Amino acid sequence: MAKKKVLVVDDEIDFLEMIRLRLEANNYTVVTAMDGNEALEKFKSEKPAAVLLDILMPGMDGIDVLKKIRKTDDKVPIFIITAFSNEERFRIANKFNASGFIVKTNDLQREIQNITTAIGISESFKGQ
Amino acid sequence: MKNLAKNDGAKSPTALSLIITLLVIVFIADILINILTGLFSLGPVPESLVDGFLVIFLAYPALYLLIFRPLSREIIERKRSEKELRRLAAIVESSDDAIIGKTMDGKIVTWNHGAEKIYGYAAGEATGKPISIIAPPERKDEMFQILDRIKHGVPYEHYETIRMKKNGEKIHVSLTISPIYDTSGRMIGISTISRDITEQKITEELLRHAKERAELLFRISPSAIFTMDKDLHITSWNDKAEKITGYSREDVMSKVCPVLAGLPCSKEGNLKINDDAKPVMGHECNIVTKNGRTLTVLKNIDYLRDSKGRISVIIESFEDITDSKKLEDELRESRDYLNEIINSVADPVFVKDRQHRWVLVNEAYCSFMGYAEKELLGRTDRDFFPPKEADLFWEKDEEVFKSGEENLSEENFTDRSGIVHIISTKKRLYTDIKGERFIVGIIRDITERKRIERLKDEFIGTVSHELRTPLSITKEGISLVLDNIPGPINEQQSRILTVSKNNIDRLARIINSLLDISRIESGKMDIRHETFDILAIIRQVAGAFELKIREKNLAMRTSLPKDGITIRGDTDAVAQVLTNLIGNSYKFTNNGFIEVSAKDAGDSVEISIADTGIGISREDMPKLFEKFQQFGRVSGPGEKGTGLGLAIAKGIVIAHKGKIWVESEPGKGTKVSFTLPKEI
């Protein structure tokens with residue numbers, strides 16, 4: 001089975017590296033982007049099966065990226081990477097149909113499982 | 001009279017007819033004169049006129065002298081008496097006094113107009129009746145005694161008694177009762193002159209009462225009272241005056257007042273009373289008592305004047321105010337002392353009455369407001385603050401007035417220059433001795449503290465965020481190694497990395513707690529409104545602890561209703577409250593059990609976490625929900641807390657509009673309970 005491609009967007013290079021290792025260990029191919037514009041470009045060119053998107057980024061932030069991706073694709077699972085929960089951001093993320101959240105301090109392995117499930121659901125919809 | 005004539009005529013039959021004729025003529029003439037003078041009240045008949053007629057009968061001098069003349073005189077006398085009687089009758093009739101004639105056995109024979117007026121009986125009604133008709137029932141005997149005494153010839157003069165009018169009304173009368181004698185000196189009746197003295201009696205009674213009252217007041221007055229004549233000689237001196245001054249009545253009576261070593265008032269030693277002297281009220285001065293003690297007295301002076309307006313009596317009253325004056329001085333001193341303290345307080349202090357008017361403000365309050373004390377006293381917040389602010393202050397005052405409970409609130413306060421301060425006001429109710437209620441308030445300007453708190457919150461927020469990212473990276477790095485992703489590691493490496501990872505988790509939790517408390521305190525706690533079954537959350541959190549609890553050889557009990565209880569709130573936040581509380585129980589319980597219970601309380605759900613742990617001492621209880629408070633720190637292995645768990649739990653519960661409280665007994669255990677409304 002071909003590896004699923006995941007786009008991870010975060011301005012923290014070390015975090016990108018860690019999550020890349022974690023995802024690859026879970027049999028994903030990882031594409032990274034460090035700002036909003038790069039993220040939109042990679043989303044277009046790489047056509048990932050899922051996007052992990054940091055909210056707080058300089059320049060175009062995660063919410064803007066989310067809005068823009070949703071304009072062209074309302075199915076792809078998009079997970080918001082956040083350091084801590086914030087009601088306002090949650091609401092906006094939900095409004096633009098985010099699939100879930102990845103809380104940075106949580107156990108990433110467990111968070112990855114949620115991503116896998118979401119991709120599975122998304123794929124099954126595609127298959128129909 | 002006829003018989004008499006016949007007898008005279010029998011003396012000489014021949015001359016008899018002539019003599020009789022002449023005698024008859026003279027007699028008739030005499031009678032006519034007498035009748036005429038009597039009828040027309042011409043006064044006493046001139047004897048010369050009668051005598052004129054007698055000249056005609058000189059021939060019959062002896063006869064005249066023997067028979068006619070005496071007879072004529074008798075008639076004249078009788079007529080004169082009758083006339084006199086009529087005159088008397090007229091006087092009697094016109095008298096305002098009741099003049100009553102009665103027989104010896106008390107039957108009324110005469111009843112004048114005055115008697116009619118006084119007793120109400122008409123003459124026709126009273127005449128012939130017993131005199132007892134005017135005696136009140138209880139005085140019938142008295143009447144018989146009077147009659148008896150009169151029969152013995154002893155009259156009464158101005159005898160005062162009570163009689164009864166026809167209408168039953170009793171009246172006071174003064175009686176003069178005398179026997180009536182006929183010409184032979186025989187007692188033939190009784191006359192009574194009654195005067196109605198009811199009005200006089202009432203007046204006398206009123207005067208007597210007034211006098212008695214005045215005497216009584218003089219005697220029992222709590223004030224010393226004494227009187228002096230116009231020459232300042234003391235004429236009366238009451239008991240209280242004796243008591244206060246130590247001078248007895250004998251000491252002072254008839255003495256000139258100022259002679260008595262400053263009595264009643266040393267200042268008035270040379271007192272001279274002029275007739276135009278004005279009353280003196282509330283004059284304070286010193287007097288020296290008999291034993292030489294100086295007293296402060298408060299005195300009044302007034303005067304009685306004669307009909308010409310000259311002072312005849314000087315009345316003075318005085319009270320010993322030495323003690324009350326001393327007390328007043330002490331009170332003033334203590335008030336000044338208190339004012340000094342209040343004014344030295346750096347925080348603004350105020351007292352408001354029930355109408356929200358300032359009745360006391362300290363100097364700090366005046367400078368805080370930017371107004372002088374006199375500008376504030378008697379006015380209210382509404383005279384100075386923007387309506388919204390004033391209404392809020394008003395509302396908070398009302399809460400205290402109504403509940404009687406102390407209130408601590410944070411409010412905005414716009415000062416005179418328009419700068420808005422954040423103030424913390426503590427208000428409490430004060431009820432004075434008369435039952436009037438006041439609010440005592442103390443204000444603390446917390447603007448600066450708030451600014452620092454805000455900075456601190458921002459700092460914590462930023463720092464926490466910045467800490468979390470490297471923390472999560474570090475943690476994930478270790479996790480990757482532990483999960484053998486870069487390659488296999490040995491057991492020791494794994495153990496070391498596990499300890500590292502656990503401590504990173506611990507650090508993350510501390511950071512989370514700091515963030516939570518920071519959000520709670522800055523009021524930025526976001527509560528999601530989700531609908532969930534609280535029992536499911538309880539089971540989930542309790543379940544997560546179950547293994548750890550069992551490892552510590554403790555029992556985990558749950559006492560939950562069968563049916564779920566749906567509430568609205570923030571699932572994660574509620575789970576955190578439960579985690580913190582069960583975590584505390586776990587930490588402080590070494591044997592026994594931890595029990596989580598919940599019950600449906602109608603509009604809310606009540607949840608309790610009870611343990612058989614070490615408990616909390618009485619002195620620690622009030623600080624329990626304060627942040628960074630740690631009680632009964634447990635030594636040895638196990639995670640140390642941040643002292644934020646209960647503060648966060650309270651913050652979350654309050655954000656859900658619930659309540660949280662603790663019951664604890666040292667050595668026995670602790671029970672923390674909280675409520676969550678079903679709808680927020």
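No experiment lies behind these values; they were computed from the predicted model shown.
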With a sphere of 6.0 Å drawn around NZ of B:K552, does it hold more than 12 non-hydrogen atoms of other residues, nucleotides or ligands? yes
If you count the non-hydrogen atoms of other residues, nucleotides and ligands that lie under 6.0 Å from CD1 in B:I452, is the total more than 12? yes
Heavy-atom count check: over 12 atoms from other residues, nucleotides or ligands less than 6.0 Å from B:K659 NZ? no
Residue A:K44 excluded, over 12 heavy atoms near NZ under 6.0 Å: no
Can you list the residues of residues 480-494 of chain B that sit under 4.5 Å from chain A, counting heavy atoms only? B:L480, B:D483, B:I485
If you tally heavy-atom pairs under 4.5 Å between each of B:A508, B:G477, B:S472 and chain A, the highest tally belongs to B:S472
Non-hydrogen contacts under 4.5 angstrom with chain B: give the residues of residues 15-25 of chain A involved, or none if there are none. A:F15, A:M18, A:L21, A:R22, A:A25
So, taking the atom named CG in A:D14 and the one named OG1 in B:T474, what distance separates them when rounded to the nearest 0.5 Å? 8.5 Å
Heavy-atom pairs under 4.5 Å with chain A, option from B:K501, B:E476, B:K475 with the top count: B:E476
